[in-house]
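A short worksheet on the structure shown next.
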There are 2 protein chains.
Amino acid sequence: MPKRENISMSVIRRLPRYYRFLTHLKEKGVTRISSTELSVKLGLTASQIRQDLNCFGGFGQQGYGYIVDQLCDEIGNILGLSNRYKTILIGAGNLGRAIATHMQFEEEGFELIGIFDSSPSKTGTRINGKIVMDTTELEDFCEKEKPVMAILCIPREGVHSILERLYSLGVRNFWNFSHYDISMRYEDTVVENVHLNDSLMTLCYRISNPNNK
Amino acid sequence: MPKRENISMSVIRRLPRYYRFLTHLKEKGVTRISSTELSVKLGLTASQIRQDLNCFGGFGQQGYGYIVDQLCDEIGNILGLSNRYKTILIGAGNLGRAIATHMQFEEEGFELIGIFDSSPSKTGTRINGKIVMDTTELEDFCEKEKPVMAILCIPREGVHSILERLYSLGVRNFWNFSHYDISMRYEDTVVENVHLNDSLMTLCYRISNPNNK
DNA sequence: ATCGTTATGTTAAATATATAACTATTATCT
DNA sequence: AGATAATAGTTATATATTTAACATAACGAT
């Protein structure tokens with residue numbers, strides 16, 4: 001579908017923002033919007049928005065603008081949100097539990113099909129109606145259900161070994177919340193690291209250095 | 001302290017990663033490291049690492065490398081991690097609870113001094129020993145304690161009004177987890193948005209478009 | 001219908017970022 | 001102590017990203 005290949009990550013990372021805002025407009029009943037209006041609302045330049053969208057195709061009409069409904073759908077398609085990638089969650093601590101209950105996976109291309117933890121205090125409990133399984137059950141479960149993605153909400157120490165196991169079970173995509181960088185030991189994996197600590201530290205820097213732009 | 005001013009965000013966002021890795025090295029007892037070694041471990045170029053560090057000063061020794069312990073401290077200072085910025089958390093749902101228990105604020109420049117929620121089912125309960133207060137108590141609390149930062153873990157709808165209140169109470173820094181972009185309605189604020197949904201959507205894109213680089 | 005206005009799609013310029021090349025300094029070995 | 005190797009700091013180049021400018025197409029009013 002992409003008009004060109006190799007879209008830069010800078011562009012990709014703005015798409016969800018567009019999608020989010022367009023969904024909001026749709027809900028408000030707005031049917032039409034121009035790149036200039038969008039740029040004002042989003043704090044970007046109109047040029048950038050047009051460039052971004054034109055990486056994937058011409059979704060607008062000259063002299064008119066973009067049809068909100070249509071553009072929203074297009075971006076959703078580009079992002080692949082209609083997928084239902086089978087996903088498992090490893091780690092049912094506070095963070096894992098929050099992710100499981102807080103995220104609306106079905107609206108963002110995923111389906112949470114299993115939750116695992118190694119601690120007996122967690123296994124057997126329920127999160128959003130789903131029973132937390134013991135990590136020893138991982139092999140059986142994966143062979144049967146073939147999940148394609150794993151969310152990692154476990155302490156640093158456990159990551160390496162669980163990663164090896166998951167990889168050998170065919171899992172290639174990881175959403176990593178652990179205090180550890182999974183930086184491509186394998187070629188065919190996709191990793192999205194969410195480092196809340198890093199985010200907090202950069203915030204600390206910016207508070208401490210207010211004259212930095 | 002910065003050698004030059006206006007350090008780019010690209011550089012700032014790498015600092016926590018360096019800090020994290022150096023801390024790890026320190027714990028392992030490594031005393032010395034070169035930019036080349038670092039580059040291999042972090043998957044960056046040695047050039048970039050040297051450039052990044054030299055934005056703030058010459059911390060290494062030619063022909064020798066960097067002293068892990070010292071470099072780690074320097075980066076910690078640059079980030080301002082020895083601060084104890086007084087912080088409040090708004091929203092004690094699953095995510096807020098996870099943030100409160102999961103983050104080690106004291107090690108990253110902050111101190112969590114209060115947790116607030118508007119729901120009677122949450123107020124009065126305890127998180128990490130701290131009682132969840134009602135948001136109506138916000139004014140009294142802030143006037144007394146003068147927090148400088150607020151973590152927002154509330155639904156989209158509530159953000160706008162709580163933001164106005166917090167701003168008028170002197171809070172200027174925000175760590176925003178809500179499904180809403182706080183993009184600078186005020187000049188003197190610092191906002192770090194953490195959009196887990198956006199992160200998940202970009203992951204979805206990358207899974208759906210494996211040939212994208 | 002025609003003309004002016006609007007706003008996209010596209011090409012070009014400017015800026016920012018990352019990489020490579022070079023220089024200078026220090027450690028280490030003989 | 002001198003020579004050599006190693007490695008940071010710095011300058012220059014290349015690449016990526018953003019912004020601006022332009023040219024073209026569609027809408028809408030007259």
Side-chain angles (χ1 to χ4, degrees), chain A residues 1-15 17-18 22 25 30-72 74-75 78 183-184 202 212-213, chain B residues 1-15 17-18 22 25 30-75 78 183 202 212-213:
Chain A
M1 163 174 295
K3 220 165 104 182
R4 312 173 207 162
E5 282 183 21
N6 279 4
I7 310 294
S8 82
M9 273 311 281
S10 314
V11 175
I12 307 302
R13 293 212 176 278
R14 280 190 293 270
L15 293 182
R17 183 114 182 274
Y18 297 150
L22 288 165
L25 285 179
V30 179
T31 55
R32 161 189 169 177
I33 192 149
S34 71
S35 60
T36 309
E37 283 179 87
L38 268 173
S39 73
V40 171
K41 304 289 184 126
L42 294 173
L44 304 169
T45 64
S47 227
Q48 184 165 60
I49 293 171
R50 292 204 300 275
Q51 285 259 22
D52 285 354
L53 298 178
N54 285 341
C55 290
F56 304 98
F59 304 132
Q61 268 188 312
Q62 287 166 330
Y64 180 85
Y66 299 89
I67 297 166
V68 172
D69 211 46
Q70 183 189 309
L71 184 58
C72 192
E74 290 284 4
I75 296 178
I78 293 162
S183 47
M184 300 291 93
T202 61
N212 194 88
K213 200 170 84 314
Chain B
M1 166 175 294
K3 222 165 104 180
R4 312 171 208 165
E5 283 183 20
N6 280 4
I7 310 295
S8 82
M9 274 310 282
S10 314
V11 176
I12 308 301
R13 294 213 175 277
R14 281 190 291 271
L15 294 182
R17 181 115 183 275
Y18 297 151
L22 288 165
L25 285 179
V30 179
T31 56
R32 160 190 171 177
I33 192 147
S34 71
S35 59
T36 309
E37 281 179 271
L38 268 174
S39 73
V40 172
K41 303 288 183 125
L42 294 172
L44 303 170
T45 65
S47 230
Q48 183 166 61
I49 293 171
R50 292 204 299 276
Q51 286 257 25
D52 284 355
L53 298 177
N54 285 343
C55 290
F56 304 97
F59 304 131
Q61 267 189 312
Q62 288 164 328
Y64 179 84
Y66 299 90
I67 297 166
V68 172
D69 211 46
Q70 182 189 309
L71 184 59
C72 192
D73 288 354
E74 291 282 3
I75 296 178
I78 292 163
S183 46
T202 61
N212 196 87
K213 198 170 92 314

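Just so it is clear, the structure is predicted and the values come from calculations on it, not from any experiment.
Put simply, A/R14 has a side-chain N or O that comes within less than 4.0 Å of OP1 or OP2 on D/dT18. One finds no side-chain N or O of B/R50 lying less than 4.0 angstrom from the OP1 or OP2 phosphate oxygen of C/dT19. Residue A/T45 places at least one side-chain N or O under 4.0 Å from the OP1 or OP2 atom of D/dT19. Proximity of A/S8 to the phosphate of D/dT17: a side-chain N or O atom is located under 4.0 Å from OP1 or OP2. One finds a side-chain N or O of A/Y66 lying less than 4.0 angstrom from the OP1 or OP2 phosphate oxygen of C/dG9. Between A/Q61 and the phosphate of D/dA26, there is no side-chain N or O to OP1/OP2 separation shorter than 4.0 Å. The phosphate of C/dT17 has OP1 or OP2 within less than 4.0 Å of a side-chain N or O from B/S10.
Between the CZ atom of B/R13 and the P atom of C/dA18 there is a distance of 13 Å, given to the nearest Å. For A/I49 and D/dT18, the CD1 to P distance is 12 Å, given to the nearest whole Å. If you measure from atom CD of B/Q48 to atom C1' of C/dA16, you get 13 Å, rounded to the nearest angstrom. Here the C1' atom of nucleotide D/dG9 and the OH atom of B/Y64 are 18 Å apart, to the nearest Å. Rounded to a whole Å, the CG atom of B/L42 is 16 Å from the C1' atom of C/dA18. Remark: C1' of C/dG9 and CG of A/L71 are 14 Å apart, rounded to the nearest angstrom. Nucleotide D/dT15 holds its C1' atom 14 Å from the CG atom of A/N6, rounded to whole Å. Rounded to whole angstrom, the span from the CE atom of B/M9 across to the P atom of C/dA18 amounts to 12 Å.
Put simply, the side chain of A/R32 gets close to the backbone of A/Y64: a donor and an acceptor are under 3.5 Å apart. Panel note: side chain B/Q48, backbone B/T45; no donor-acceptor pair is recorded below 3.5 Å.
If you take CG on A/L22 and CG on A/L42, they are separated by 8.0 Å, rounding to the nearest 0.5 Å. Annotation: the span from B/L53 atom CG to B/I78 atom CD1 amounts to 7.5 Å, rounded to 0.5 Å.
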Notebook entry, point to check: Would A/L15 and A/F56 satisfy side chain to side chain contact (heavy atoms under 4.5 Å, CB included), going step by step from the backbone distance to the final call?
Noted result: CA-CA 11 Å; A/L15 293 182; A/F56 304 98; 3.8 Å; yes
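For A/Q62 against D/dA26, no side-chain N or O and base N or O form a donor-acceptor pair under 3.5 Å. Residue side chain B/Q51 does not reach the base of C/dT17 through any donor-acceptor N/O pair under 3.5 Å, judged by distance alone. A donor-acceptor contact under 3.5 Å is not formed by the side chain of A/S35 with the base of C/dA7.
Looking at heavy-atom distances under 4.0 Å, B/S47 makes contact with a base.
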